[in-house]
Amino acid sequence: MPVPVSQMWTVASYVLRQKLAGRKQYPLVLMLEPLFRCNLACAGCGKIQYPTHILKKDLTPEECFRAVEECGAPMVSIPGGEPLMHPQIGEIIEGLVARKKYIYLCTNALLLKEKIDLFKPSKYLTFSVHLDGQREEHDLAVCREGGYDIAVDAPYTGDPLTIGFNAQYLVDFLKAAGTSEVRLELKDPQSAGQFRPAEGDDYKYRYIVMPMRI
């Protein structure tokens with residue numbers, strides 16, 4: 001996953017300030033858990049074993065902001081539970097973006113389509129979708145059939161078709177793209193396709209994918 005240059009600069013500047021201040025130990029990432037509830041019951045997960053009165057608790061946005069400001073780390077990881085179940089998760093993310101924190105929101109993606117409109121695209125926000133392997137392994141780990149298909153689902157318009165290509169090519173492009181969303185454009189099974197950034201038509205590069213017989 002590519003890291004924005006602005007994030008690398010922010011983290012490097014932060015580390016340098018800590019070194020100049022003579023601090024040997026300092027936080028780099030804050031793990032912020034605004035709730036323990038989850039819409040999965042994964043085998044071996046300890047958080048869902050908490051008493052009901054604990055599982056019903058939520059941190060308020062103000063409590064989250066105080067924790068972030070007290071910690072001072074440039075990056076914030078938001079696991080859970082499932083963060084998208086928090087009734088004010090949109091407000092929490094908006095406040096962290098306003099504070100210019102680089103956020104990794106960890107999700108099982110079951111609610112992502114329903115909640116995605118709560119968030120504005122930002123270089124400060126990354127969605128980290130939880131996968132435990134391929135379809136069979138993932139569904140077994142999360143104890144839910146169909147969870148893998150929901151997690152990897154992506155919008156597609158056009159006639160149904162079957163495509164195949166070396167997955168490493170896709171990984172190489174995603175590492176270089178520097179954007180959180182890309183578009184795969186296809187014409188037919190015999191023609192080359194292309195990956196490009198999803199937004200705008202003034203992109204400076206494209207990635208050509210040649211078809212293969214499967």
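Every value quoted in this text rests on a predicted model; they were computed, and no experiment measured them. Note: hydrogens, waters and symmetry copies are ignored here, and every other heavy atom, side chains too, is used.
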* Going by atom types only, do Tyr102 and Ser6 share a side-chain donor-acceptor pair under 3.5 Å? -> yes

* **Contact summary for Pro79 and Pro83, nearest pair of heavy atoms** => O-CG, 3.0 Å

* Asked: Shortest non-hydrogen contact from Cys143 to Ala43?
  -> SG-N, 3.5 Å

* In the single-linkage hydrophobic clustering (I, L, V, M, F, W, Y; side-chain heavy atoms under 4.5 Å), do Val68 and Val15 co-cluster? -> yes

* To do: Using a 4.5 Å cut-off on heavy atoms from C-beta on, say whether the side chain of Glu91 contacts that of Leu118.
  => no

* Check whether any side-chain heavy atom of Tyr26 sits under 4.5 Å from a side-chain heavy atom of Lys19, and report yes or no. => yes

* Asked: If you round to the nearest 0.5 Å, how far is CZ of Arg135 from CG of Leu140?
  -> 14.0 Å

* Asked: Got a second to check how far Leu184's CG is from Arg196's CZ, nearest 0.5 Å?
  -> 11.0 Å

* Going only through I, L, V, M, F, W and Y residues with side-chain contacts under 4.5 Å, is there a path from Tyr124 to Trp9? -> no

* Who else is in the cluster with Val142 when I, L, V, M, F, W and Y are joined by side-chain contacts under 4.5 Å? -> Leu40, Leu110, Ile150

* May I ask you to list the residues sharing a hydrophobic cluster with Leu16, side-chain cutoff 4.5 Å, ordered by chain and number? => Leu20

* Can you tell me how far the CD atom of Glu82 sits from the CD1 atom of Ile89, to the nearest 0.5 Å? -> 9.0 Å

* Structure fact -> Sequence neighbours excluded, the answer for salt bridge (charged side-chain N to carboxylate O under 4.0 Å, His left out) partners of Arg17 is none

* How would you list all residue pairs meeting side chain to side chain donor-acceptor pair (under 3.5 Å) that involve residues 45-56, not counting sequence neighbours? -> Glu33-Lys47

* Does Leu32 reach the side chain of Leu59, with side-chain heavy atoms less than 4.5 Å apart? -> yes

* Structure fact -> Scanning both residues in full, the closest heavy-atom pair of Asp132 with His138 reads N-ND1, 3.0 Å

* Asked: Could you give the distance from CG (Leu30) to SG (Cys64), rounded to the nearest 0.5 Å?
  -> 9.0 Å

* Could you list the residues that satisfy side-chain contact (heavy atoms from CB on, under 4.5 Å) with Ala109, not counting sequence neighbours? => Leu112, Val129, Ala151

* To do: With sequence neighbours excluded, tell me which residues meet side-chain hydrogen bond (donor to acceptor under 3.5 Å, both in side chains) with Tyr148.
  => Gln134

* List in chain and number order the residues that pass side-chain contact (heavy atoms from CB on, under 4.5 Å) with Pro121, two or more places apart in sequence or in another chain; answer none if no residue qualifies. => none

* To do: Mind running side chain to side chain contact (heavy atoms under 4.5 Å, CB included) on Val76 and Val29 for me, showing each step along the way?
  => CA-CA 5 Å; Val76 180; Val29 181; over 6 Å; no

* Structure fact -> The side-chain hydrogen bond (donor to acceptor under 3.5 Å, both in side chains) partners of Gln18 (sequence neighbours excluded) come to Arg23

* Aromatic contact, Phe127 with Phe119 (centres under 6.0 Å) -> yes

* Report yes if some heavy atom in the side chain of Asp149 is under 4.5 Å from a heavy atom in the side chain of Asp139; otherwise report no. => no

* For Glu145, does the CD atom have more than 12 heavy-atom neighbours from other residues, nucleotides or ligands under 6.0 Å away? -> no

* What pairs with His86 under side-chain hydrogen bond (donor to acceptor under 3.5 Å, both in side chains), at least two apart in sequence or on another chain? -> none

* Without swapping roles, check the side chain of Asn108 against the backbone of His130 for a donor-acceptor pair under 3.5 Å. => no

* Structure fact -> Taken in chain and number order and not counting sequence neighbours, the residues that satisfy salt bridge (charged side-chain N to carboxylate O under 4.0 Å, His left out) with Asp58 are Arg37

* **Heavy-atom side-chain proximity of Leu84 to Leu105 below 4.5 angstrom** => yes

* Asked: Yes or no on side chain to side chain contact (heavy atoms under 4.5 Å, CB included) for Val97 and Lys120, after CA distance, side-chain angles and deciding distance?
  -> CA-CA 10 Å; Val97 169; Lys120 296 179 181 179; over 6 Å; no

* Structure fact -> Residues Arg144 and Asn39: closest non-hydrogen pair is NH1-O, 4.3 Å

* Structure fact -> Residue pairs passing the salt bridge (Lys or Arg N to Asp or Glu O under 4.0 Å) test with at least one member in residues 97-110, sequence neighbours excluded, are Glu69-Arg99

* **Set of residues satisfying ring-ring contact (aromatic ring centres under 6.0 Å, His included) with respect to Phe65, sequence neighbours excluded** => none

* Asked: Mind checking whether Cys106 and Ser77 have side chains closer than 4.5 Å, heavy atoms only?
  -> yes

* May I ask you to test the Ile54-Phe36 pair for a side-chain heavy-atom distance under 4.5 Å? => yes

* Please round to the nearest 0.5 Å and tell me the distance separating atom CG of Leu96 and atom CG of Leu125. => 9.5 Å

* **Derivation of the side chain to side chain contact (heavy atoms under 4.5 Å, CB included) call for Thr126 and Ile103** => CA-CA 6 Å; Thr126 298; Ile103 309 150; over 6 Å; no

* **Side chains of Gln88 and Thr60, donor plus acceptor under 3.5 Å** => no

* Asked: How about Leu28 and Met75: do any of their side-chain heavy atoms sit closer than 4.5 Å?
  -> yes

